[in-house]
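See below for the structure under consideration.
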Amino acid sequence: MMIRQATPTDIDQLIDMRCNFITEEFGVQNDDKMAKIRNQLHGYLTANLNRQLLCYLADDNGQIVSTAFLVVMDKPANPKFISGKTGLLLNVYTKPEFRKQGLATNIIKNLIDDARAIGLSYIDLDATKTGKPLYEKLGFYEMINTCTPMRLEL
């Protein structure tokens, strides 16, 4: 088993892993929706992999069995993010038969090292119930926000 950074040749398998994550987290989606997601992912990964998207994976003889993505964002600095650079950790996913082996932990540690090296101020994530203990073990903590998160659906 090898932990390594993703390359463009991994894109098809990364899409499969993202779709597996989506199915586990959101349930089975209809074919039309999944086709649109796959299409968007292909374009996004092709344009952003190893640029604004860092990805590490566990490779078991050519098969990706665990992944994590770190989206790097540049924005105007403020006292909360002096560097103007922040990250969003997502798509932490390990195939069921490879869980509880420390793969996700090692992958996330690589992403944290890269985040420090490029000067990110912090990394955010939305933890699932099953993932929360892993993230806490790595130093993530629940945010107490004085602002109210809001969204406008478009």
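These figures come from a predicted structure and were not determined experimentally.
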In the hydrophobic clustering that connects Ile, Leu, Val, Met, Phe, Trp and Tyr at side-chain heavy-atom distances below 4.5 Å, which members other than Tyr122 occupy its cluster, ordered by chain and number?
Phe81

To which residues is Ile144 joined in a hydrophobic cluster, defined by side-chain heavy-atom contacts under 4.5 Å among Ile, Leu, Val, Met, Phe, Trp and Tyr, whether direct or through other members?
none

According to a hydrophobic-cluster definition based on side-chain heavy atoms being under 4.5 Å apart (Ile, Leu, Val, Met, Phe, Trp, Tyr only), do [X] and [Y] belong together?
X: Leu49; Y: Leu88; value: yes
X: Phe26; Y: Leu90; value: yes
X: Leu89; Y: Leu53; value: no
X: Ile22; Y: Val92; value: no
X: Ile107; Y: Leu70; value: yes

Between [X] and [Y], which heavy-atom pair has the shortest distance, and what is it?
X: Thr94; Y: Arg99; result: O-NE, 2.7 Å
X: Asn91; Y: Phe69; result: CB-CD1, 3.6 Å
X: Gly119; Y: Ser83; result: O-OG, 2.8 Å

Find out whether [X] and [Y] are in side-chain contact, i.e. whether some heavy atom of one side chain is under 4.5 Å from a heavy atom of the other.
X: His42; Y: Asp12; answer: yes
X: Phe21; Y: Thr67; answer: no
X: Val71; Y: Tyr44; answer: yes
X: Asn106; Y: Tyr56; answer: no
X: Val65; Y: Met1; answer: yes
X: Asp114; Y: Gln5; answer: yes

Could you give the distance from [atom1] ([X]) to [atom2] ([Y]), rounded to the nearest 0.5 Å?
X: Asp16; Y: Arg38; atom1: CG; atom2: CZ; answer: 4.5 Å
X: Lys109; Y: Ile3; atom1: NZ; atom2: CD1; answer: 11.0 Å
X: Leu45; Y: Asn50; atom1: CG; atom2: CG; answer: 10.0 Å
X: Leu138; Y: Glu136; atom1: CG; atom2: CD; answer: 10.5 Å
X: Ile11; Y: Thr46; atom1: CD1; atom2: OG1; answer: 4.0 Å
X: Cys55; Y: Arg18; atom1: SG; atom2: CZ; answer: 11.0 Å

Got a donor-acceptor contact below 3.5 angstrom from the [X] side chain to the [Y] backbone?
X: Ser66; Y: Leu103; value: no
X: Gln13; Y: Gly62; value: yes
X: Gln29; Y: Gly27; value: yes
X: Asp60; Y: Gln63; value: no

Verify the neighbour count for atom [atom1] of [X]: are there more than 12 heavy atoms of other residues, nucleotides or ligands below 6.0 Å?
X: Asp31; atom1: CG; value: no
X: Lys95; atom1: NZ; value: yes
X: Lys75; atom1: NZ; value: yes

Who are the side-chain contact (heavy atoms from CB on, under 4.5 Å) partners of Ile118, not counting sequence neighbours?
Leu54, Val72, Leu120

Please list, chain by chain and in numerical order, all residues satisfying side-chain contact (heavy atoms from CB on, under 4.5 Å) with Asp10, sequence neighbours excluded.
Arg4, Ala6, Thr7, Leu14, Leu57, Ile64

Using salt bridge (charged side-chain N to carboxylate O under 4.0 Å, His left out) as the criterion, list what pairs up with Asp113, not counting sequence neighbours.
none

Name the atoms and distances for all side-chain donor-acceptor pairs under 3.5 Å in residues 125-134, with sequence neighbours left out.
{"from": "Thr128", "atom 1": "OG1", "to": "Thr130", "atom 2": "OG1", "distance (Å)": "3.3"}
{"from": "Thr128", "atom 1": "OG1", "to": "Gly131", "atom 2": "N", "distance (Å)": "3.1"}
{"from": "Lys132", "atom 1": "NZ", "to": "Glu142", "atom 2": "OE2", "distance (Å)": "2.7"}

